[in-house]
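In what follows, a structure is listed as structure tokens, so that the remarks can point back to it.
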Amino acid sequence: MDPLKEEFYQLPTIDLAKALLGCLLVKETEEGITSGYIVETEAYMGPHDRAAHSFNNRRTKRTEIMYGKAGLAYTYTMHTHCLINVVSAGLDEPHAVLIRALEPHDGIDLMLKRRPVDNKKNLTNGPGKLTKAMGITMEDYGHPLFESPLYITHGIVPEEIVEGKRIGIENTGEARNYPWRFWIKDNPFVSR
DNA sequence: GCAAGGATGGCG
DNA sequence: GCCATCCTTGCG
């Protein structure tokens, strides 16, 4: 399946966060191909979103890619883990969509080898878990997600999308209450 | 230089 | 609910 085209990412950030649900995230490596359906995302709305790394237009080496064009990968390190976002909105609008959970699809054996778990439900049901299972690292910082070897393609159309508060941003004032987390209703691979 | 603080995950 | 662990950031 071909990657979704660059034009796919030309959506308002909230719309993109929803549009990404059901899409297939694919990573090709020498070890093999892994992929999973995106089942949970969060929108980070840049300068006016206290929970965003780019709040108040903070522009550093880390956040620089958020000021780039939509469809690039923004990877960063959180504690000992790598998290992946899809850069959103126009140039100099530093928005991003965090990919929080996947439903494993291809290469499940390889993912289990990278990240052994008893139950397949726990393989990619968290932002740090899915990157480890798929072999996504800081090497992917700035990679265009409309190109191999790390790309997003058409998957399934979700039956119903639900929204709620974002996770893990307790110390961000009002921003913690914004309903900018989206997931596929009743999907067992959502993080919580 | 250095201290503080996470968009986490795993274990108790 | 606690903490390991380590990179980024802001400040001195």
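Below, read A as the first sequence line, B as the second, and so on, with proteins coming before strands; counting in each chain starts at 1.
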Original post:
Do any of residues 79-114 of chain A sit with a heavy atom less than 4.0 Å from DNA chain C, and if so which?
Top reply: A/His79, A/Thr80
**OP:** Give a yes or no answer on whether the side chain of A/Thr124 reaches the backbone of A/Leu102 with a donor-acceptor pair at less than 3.5 Å.
**Re:** yes
Original post:
When you look at A/Asp49 and A/Arg166, which way does the salt bridge (charged side-chain N to carboxylate O under 4.0 Å, His left out) test go after all the steps?
Top reply: CA-CA 12 Å; A/Asp49 176 4; A/Arg166 294 175 293 180; 2.7 Å; yes
Subject >> Pairing partner (Watson-Crick or G-U wobble, both distances under 3.5 angstrom) of B/dG10 >> reply: C/dC2
Original post:
Where do A/His53 and A/Tyr44 land on the side-chain contact (heavy atoms from CB on, under 4.5 Å) test, with the steps shown first?
Top reply: CA-CA 8 Å; A/His53 293 156; A/Tyr44 286 85; over 6 Å; no
**OP:** Output, in order, the C-alpha distance, side-chain angles, deciding distance and verdict of side-chain contact (heavy atoms from CB on, under 4.5 Å) for A/Tyr9 and A/Leu16.
**Re:** CA-CA 7 Å; A/Tyr9 300 92; A/Leu16 182 62; 4.2 Å; yes
Original post:
More than 12 heavy atoms of other residues, nucleotides or ligands under 6.0 Å from CD of A/Glu64: is that the case?
Top reply: yes
Original post:
How are the rings of A/Tyr37 and A/His105 set relative to one another: parallel (under 30°), tilted (30 to 60°) or perpendicular (over 60°)?
Top reply: tilted
Subject >> Student check: side-chain heavy atoms of A/Ile152 and A/Leu24 closer than 4.5 Å >> reply: no
Original post:
So, A/Arg114 side chain and A/Ala133 main chain: donor-acceptor pair closer than 3.5 Å or not?
Top reply: yes
Original post:
Under 5.5 Å between ring centres and under 30° between planes: does that hold for A/Tyr76 against the base of B/dA7?
Top reply: no
Original post:
Between B/dG9, B/dA7, C/dT9, which nucleotide gets closest to the side-chain atoms of A/Thr60?
Top reply: C/dT9
Original post:
Which of these, A/Arg181, A/Arg100, A/Glu103, sits in a side-chain contact (heavy atoms from CB on, under 4.5 Å) with A/Val190?
Top reply: A/Arg181
Subject >> Flag for A/Thr13-A/His95: side-chain donor and acceptor within less than 3.5 Å >> reply: yes
**OP:** Mind calculating the distance between CZ (A/Arg59) and P (C/dG10) to the nearest angstrom?
**Re:** 14 Å
Original post:
Is there a residue in residues 164-182 of chain A whose heavy atoms reach under 4.0 Å of DNA chain C, and which residues are they?
Top reply: none
Original post:
For A/Thr77 and A/Arg58, take the nucleotide of DNA chain C holding the closest heavy atom to each; which residue's nucleotide lies nearer the 5' end?
Top reply: A/Thr77
Original post:
Should we say atom CG of A/Asp118 is surrounded by more than 12 heavy atoms from elsewhere, each under 6.0 Å from it?
Top reply: no
Might you list the N or O atoms of the protein lying below 3.5 Å from N or O atoms in nucleotides 10-12 of chain B, with each pair's distance?
| residue | atom | partner | partner atom | Å |
| --- | --- | --- | --- | --- |
| B/dG10 | OP1 | A/Arg115 | NH2 | 2.7 |
| B/dG10 | OP2 | A/Arg115 | NH2 | 3.1 |

